Novice: 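Please see the structure below; I have some questions.
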Amino acid sequence: MKLVSLRVAGIRGFNDDQSIELDAKLVIYYGPNGSGKTSIGEAIEWLLYGKTLKRLKGDEISKREYAGSYRNTHYHGAISPFVEAEIADDNGKHHTLRRELLPDESSRLTVNGTPASDLKQFGIGNLYDRPLILQHTLQDFIFMRPKTRYEVLSAMLGLEPLIDFRNAVEAAKTEVANSLPNRAIEARSRATLIKASFAATPLLQPVAEAVGNGKLDDAKKHLIQVALGRVPAGTAEQDILPALHQAKASKERARLDWGRFSLNPIANPDSHPAVRELDTLQGHLNTFEGHVAEAEKQVAQSTRETAKPQLKQFFELGLHLINEGKPNECPFCLEETLTPTRVSALRKAVEVVPEAKAPLASARTSITLLQEFLSKQWREAKKMLPLIPGEAERETINQIVPGGAGQYLSSCDAVRQLSAGIDDSKKVLDESLTGIQEALQGPGAPDERVQSLRDTLGKYTAEIKKLPGVANGYAANYAALDPLVKLKLASEADVRFLSTLVEGLQKWRDFEISRQIDVIQDELQEVIRQTRQFVEAKQKEILGQRDLEIRSWYQLLCGATSVGYEGMTPGTDNLELKAKTFAKGMMAAPNLSASQLNCVGLAVYLATCTRKTSPFKCILFDDPIQSMDDEHTEAFRKQVVSKLLAEGFQVILLTHMDNIADSIGSLYRNHDPAIYRMEEYSQSGPSVVWKGPEIQKILNEIRKNKDAANEGYRKQAVQSLRQFVERFAKDLFTAETGQPISKQYEDKSWADLRNLLRQSKSFVPSDEAILEDTHKFTSSYLHTDESLPQKVPPAGHIVPHYDSMKLLLDKYKAVLGIK
Amino acid sequence: MSQNEQELLKELKSAMKTKFQKDCVDAYLNSPTQSAIVRTTFEKLEKALNEAR
């Protein structure tokens, strides 16, 4: 891409709409500092990237200070500030790029009048990959952090498409993971659960590992091997699943919580609390009987007459029934026969012997203690008995050890019978104790029930004493049967193991689906990895190449020196710039002189701009030699510019040094330099003066306007065409004859101009028709006759005339004395 | 996408090992978007799911 021309209004130093001509191999704008040269570079930079490095750095310092600085302070144009450039692509096709500045400092870009979001179609996008070498950014690269330097240079390498591709794959990987089909998600979630079951089962852990490693064939092989060990020998592989189902059903039938029926033998039955406390119970009974005997003795020794028991009961009943409202009324005959004296006598008649009250109270205490100890002792006794199997469990035991559990089951029966006997005798004992308690609450002494208490306790004691024997018998039988049962018993783990095998084989496809998902995701990850690796390799390769190029440009500027730039040292994510002082290495940034650093900066940008894959075939220098010493300046003037022009680059040089402009213009006159002087800057913007031949300037005017959409510009192009024909004829005449043009030839007809041409010996007669054709073309549009229909040629009609005139000028350049 | 960019991606494609990986680069070359890669991935996944049935 080369720059042809530039139009700017309202941006940076440009206020009024101005054109900057750039259509030459070597373009030089020179003028004093402050004449607006840098604004040309900044206008191009803003057009290409929508921002400038200067502004980016400024924003980092103070956004407020730099806000609004793209717009020219004096600009009050009717349209938005803009930069427009005509560029020529590598095929020579011209395009118009235009960027307008919007009030919020964003911009609107168009390419050939069509809105565009960027200039990637021309390979333009990275701010650091630029055809601009501006004085104020020359050393940016040198004073960056090594990491930033690495990133910037990598970005300048043109590897963005690879980075974009990698980013797209990364995003795609996430999208794929988040939008898998339902059946895939379900299969994967089932596979995860089954794999967890494998991992939790020691025998199946290798299966889980193989699945985890993606070796599904190995995993399945191992799983089948394990399964074959759980089904009858000789089972074919295709029959494994039904055989496993059968084995699982069989195990499920053989499930029994056998351990809960276990019982340890009682080593010392006499010291067992349940047995030992029988004596305590007996002691309480003895105490009770003692108290009762004492009470009876007191009654027997008493001189008091006591009523007969039946009579006492009759009296007690009567005393209960006395109506409190009618205290004198007999409750039986309902006559008022009762007096307080009689009632008192009746109460005395039903009273027990007072001396017997104390032993009876002690008897009640004894019986309460007896009851409490009985409960405690009974609980202890029950602990001696084992839990015995129910009917279903007995059946399971018989299935597990057919015909081998007889003795054990008999001992279970013995336990059950004894347990029932103990419970029954305790029940009788409890009733007896309750009856005695009630009897002791009454006024008299306990009746004959006291007598039977001893017998009841005796029966209970007898039952309890059977306990150790029955329990130990049970324990012995359990112990004898235990190994047999355990041998065949199916545990929860066994059943779970078989279930895992069955589930694993049944749902093996879930693993296959899950694996496919993993494979695809791994593949995407691999694409990302490969791309990253490729980018890194490319970076190293290109950085190495770029370093050679940088060193080559540096050599060109500085020659072979003892102290100077040595090269780049790229790390994983940083880039150091090395220098040397004689044979010793050092860092470039802190140790080289300002002039040397300028040369390094120039070399870096030159290497970037001139790389094979650069979209640019033009380079703009803005005072590149400002900080250089004479030696480096000379090298730039002679070596760098020469190499760039030789390689076909368009060189645009902005400089404040008149002598440099002159010397470069003179040195490269064979390249038809276009030299402009920038006068003192005014409020309307830079003032540019053409320093080349007038006819060249006219041709530039035609080129600029020949394809303009605006009719006014096209009309101007037609006028310039006419001026060109006239100027050509006159200049040729003057150049040939050395005579000035007579006044008679001002604004003359074609016949007059032809006359001039024919007087020039070098003029080839066949070229006359070309000029005549263009003259005629302009006449049809420059007429003043309002009756004629068209005053401006359509777009495209001027171009052939421009091309012809350009060829003609090239042909007669030597005659016209144009360098 | 410019000629240079296409060349670079083609070079990357040749560094890829499997057909699927190369397909991904091809899909991106034809349409440089994330969805082009997603589409290629789902095509492969669908095929794999059908084979696992």
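If you're wondering where the values come from, they're calculated on a predicted model, not measured in any experiment. Residue numbering restarts at 1 for every chain, and letters A, B, ... go by the order of the sequence lines.
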Novice: Do B/I37 and A/V527 come close enough that some side-chain heavy atom pair is under 4.5 Å?
Specialist: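 Side chain of B/I37 against side chain of A/V527, heavy atoms only: no contact under 4.5 Å found.
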Novice: Cut-off 3.5 Å, no hydrogens considered: what does the side-chain donor-acceptor table look like for residues 167-178 of chain A, sequence neighbours left out?
Specialist:
from   : atom 1 : to     : atom 2 : distance (Å)
A/N167 : ND2    : A/I163 : O      : 3.4
A/E170 : OE2    : A/R532 : NH2    : 3.0
A/K173 : NZ     : A/Q525 : OE1    : 3.1
A/T174 : OG1    : A/E170 : O      : 3.2
A/E175 : OE1    : B/Q34  : NE2    : 2.5
A/N178 : ND2    : A/T174 : O      : 3.3

Novice: Heavy-atom distances under 4.5 Å only: say whether A/R529 touches chain B with side chain, backbone, both or neither.
Specialist: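 When you check distances to chain B, only side chain atoms of A/R529 fall under 4.5 Å.
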Novice: For the residue pair A/K538 and B/L12, establish whether any side-chain heavy-atom pair is separated by less than 4.5 Å.
Specialist: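 Not touching, per the 4.5 Å side-chain cut-off.
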Novice: Decide, yes or no, whether a salt bridge links B/E5 with A/K120 under the criterion of side-chain N to carboxylate O below 4.0 Å.
Specialist: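 No, this pair does not count.
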Novice: In Å, rounded to the nearest 0.5 Å, how long is the span from CZ of B/F20 to CG of A/D522?
Specialist: 11.0 Å
Novice: Check the side chains of B/Q21 and A/E523 for a donor-acceptor pair under 3.5 angstrom, ignoring hydrogens and angles.
Specialist: yes
Novice: Using non-hydrogen atoms only, which part of B/E11 is less than 4.5 Å away from chain A: side chain, backbone, both, or neither?
Specialist: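 Contact with chain A is through both the backbone and side chain of B/E11.
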Novice: How long is the span from the CD atom in A/Q521 to the CG atom in B/L45, to the nearest 0.5 Å?
Specialist: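 CG of B/L45 is found 9.0 Å from CD of A/Q521.
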Novice: Any idea which heavy atoms bring B/F42 and A/P181 closest together, and the distance?
Specialist: CE2-CD, 4.2 Å
Novice: Please examine the side chains of A/E526 and B/T18, heavy atoms only from C-beta on, and report whether any two atoms are closer than 4.5 Å.
Specialist: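 No; the side chains remain at least 4.5 Å from each other.
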Novice: I need the residue from A/P615, A/G123, A/S179, A/A537 with the largest number of non-hydrogen atom pairs under 4.5 Å to chain B.
Specialist: A/S179
Novice: Measure the spacing between CD of A/Q516 and NZ of B/K47 and express it to the nearest 0.5 Å.
Specialist: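 So the gap between those two atoms works out to 10.5 Å.
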Novice: Mark yes when over 12 heavy atoms from residues, nucleotides or ligands other than A/E647 sit less than 6.0 Å from its CD; otherwise mark no.
Specialist: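 Correct, the count exceeds 12.
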Novice: Roughly how far, to the nearest 0.5 Å, is the CG atom of B/L9 from the CG atom of A/D164?
Specialist: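 It is 9.0 Å, given to the nearest 0.5 Å.
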Novice: Do the charged groups of B/E46 and A/R183 touch, with an N to O distance under 4.0 Å?
Specialist: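 A salt bridge links B/E46 with A/R183.
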Novice: Evaluate the side-chain proximity of A/F165 to B/P32: yes if any heavy-atom separation is below 4.5 Å, no if none is.
Specialist: no
